[in-house]
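Below: the structure, in structure tokens.
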Number of protein chains: 2
Amino acid sequence: MAVAARTRSKRSTRENRRTAILEAAAQVFFEQGYAATSIDAIIERIGGSKRTIYNEFGSKEGIFTALVTENADAAVAALSVERFAARNLSEVLLEFGRRLLAIYMSPAVIGIYRSIMTEAPRFPKLAKAFYDKGPGRASDRLADVLEDAKARGEIQIGDCHLAADHFVGMLRDNLHLRVILGLRPPPSAAEAEAAVASTVNIFLYGIHGAKLPQRSKRGAQSGAMS
Amino acid sequence: MAVAARTRSKRSTRENRRTAILEAAAQVFFEQGYAATSIDAIIERIGGSKRTIYNEFGSKEGIFTALVTENADAAVAALSVERFAARNLSEVLLEFGRRLLAIYMSPAVIGIYRSIMTEAPRFPKLAKAFYDKGPGRASDRLADVLEDAKARGEIQIGDCHLAADHFVGMLRDNLHLRVILGLRPPPSAAEAEAAVASTVNIFLYGIHGAKLPQRSKRGAQSGAMS
DNA sequence: CAAGTAAGGTAACGTACCGTACCCGTCAAG
DNA sequence: CTTGACGGGTACGGTACGTTACCTTACTTG
């Protein structure tokens with residue numbers, strides 16, 4: 001049936017086929033999990049034959065590995081490309097938190113979380129690669145920022161790595177868990193902004209000296225975009 | 001059947017059989033995941049026949065459901081039995097954090113996390129029950145404590161539920177994730193105590209006014225058993 | 001336009017697994 | 001001792017899955 005769009009460059013059709021396979025594989029793998037996913041289920045979504053998949057990825061493990069690594073790379077790219085034009089620590093943390101939360105809540109990362117947890121024993125190298133490139137890298141980068149601030153005497157803290165882990169943990173709290181478990185949809189822009197603001201506030205000042213955030217919990221009317 | 005007064009020994013053997021099955025099932029389900037686990041694999045660990053399992057649990061879903069609910073109940077019991085004899089907020093948070101982290105790091109809860117993430121779409125009721133009894137309940141209880149402290153004017157904070165989520169998120173940070181992914185063993189007592197202390201410190205005072213914790217990061221020598 | 005080649009489609013193979021049926025040994029009840 | 005119920009062992013039905021052998025098709029190269 002796909003005779004029409006064949007005359008194009010063979011290169012591009014092959015690329016398109018590959019990405020189409022990966023998109024379909026993402027839907028199935030990330031929703032059903034690795035073991036419960038069948039190659040046929042992927043094929044049903046895009047048509048064609050299993051032969052195409054095996055020509056491109058070699059095996060079921062191959063397609064899952066490619067899926068996780070490429071999605072993780074794409075997701076984490078948003079965090080590592082730019083340098084933060086740091087003015088004050090609060091602004092840096094807010095921007096860092098916004099980007100990190102957006103990554104965590106993206107469908108790709110949610111799907112990777114869902115599937116990699118169970119399959120970590122079967123794919124230890126994949127699990128390590130995902131952690132190192134994702135949460136580990138985020139924590140490392142934040143730790144660097146905190147080390148600088150500590151060296152400048154802006155903050156009083158013992159272990160910057162521990163604190164960085166706490167910060168990313170706060171962002172990835174029960175909200176993230178509920179989304180992963182399918183108990184609620186991803187947060188709206190206003191909810192995300194409120195969560196980031198609250199996280200930064202507590203991280204900087206604690207609940208003792210916290211400046212009251214703008215209480216945008218239920219009334220999503222006040223939230224402005226971006 | 002319908003014999004009310006069964007023999008003592010028969011009763012106990014049946015109970016023993018059930019718990020033995022659940023223990024073996026925990027090993028397989030929590031390590032391999034639901035879909036990749038076969039009933040035969042469970043039977044191989046304890047001997048016997050599949051017939052026993054199907055008589056007791058009815059189906060594969062039945063044994064998984066029983067496994068998750070019973071383990072979750074047992075784990076969360078440590079948090080809900082006692083009331084906290086609250087003296088000051090810091091002590092309450094420390095004690096709460098110690099218990100919660102111990103629960104999070106227990107093999108049963110680690111296993112539930114590993115398996116429930118992938119299977120949440122297949123077992124939505126189970127996922128909701130796990131969240132409500134586990135992280136949700138923890139957050140709710142902590143939110144109550146924070147509400148009280150807020151009412152007494154001890155802390156300045158907008159949304160206590162949001163803050164409670166942040167606290168449990170800090171406890172369940174990259175350390176928890178690394179354990180789930182099999183990248184490191186569960187923390188030692190000293191490491192856990194340091195993580196809890198750091199969490200409470202940041203939560204109360206932030207990284208600005210944080211009292212320097214006892215820096216027990218790598219040197220696990222200084223940690224004393226609680 | 002003709003031959004060659006690489007990719008896509010069909011169908012099958014071997015395997016594994018859930019759930020069940022059947023048979024046997026064991027043990028309590030009468 | 002007889003009887004009957006229950007757990008264990010084996011095997012099977014039906015099904016689904018990963019992977020591959022074989023064929024067909026369409027594009028590329030002269």
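Letters go in sequence order (proteins before strands), and every chain restarts at 1. Note that these values count all heavy atoms, side chains included, but never hydrogens, waters or copies made by symmetry.
At least one donor-acceptor pair under 3.5 Å links the side chain of Thr69(B) to the backbone N or O of Ala66(B). Looking at Asn174(A), its side chain never comes within 3.5 Å of a backbone N or O of Leu177(A) through a donor-acceptor pair.
Across every non-hydrogen atom of Val179(B) and Pro185(B), the tightest pair is CG2-O, 3.7 Å. Asp159(B) approaches His161(B) most closely through the heavy-atom pair OD1-N, 2.9 Å. Looking at every heavy atom in both residues, Ile63(A) comes nearest to Ile21(A) through CD1-CG2, 3.6 Å. In this structure, Leu183(B) and Ala127(A) approach most closely via the heavy-atom pair CD1-O, 4.3 Å. For the pair Ala75(B) and Ile103(B), the tightest heavy-atom approach, listed with the atom from each and the gap, is O-CD1, 3.4 Å.
Within residues 25-46 of chain B, the residues approaching DNA chain C are Thr37(B), Ser38(B), Ile39(B), by heavy-atom distance under 4.0 Å. Scanning residues 54-64 of chain A for heavy-atom distances under 4.0 Å to DNA chain C yields Asn55(A).
At least one test fails for Arg114(B) against the ring of Phe30(B): distance under 6.0 Å to the centre or angle within 45° of the axis.
Using a 4.0 Å cut-off between charged nitrogen and carboxylate oxygen, Glu193(B) and Arg98(B) count as a salt-bridge pair.
Put simply, CZ on Arg17(A) is 16 Å from C1' on dC27(D), counting in whole angstrom units.
When only modelled atom types and interatomic distance are considered, Tyr34(B) and Arg122(B) share no side-chain donor-acceptor pair under 3.5 Å.
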Between protein and nucleotides 10-13 of chain C, what N or O pairs are separated by less than 3.5 Å?
none

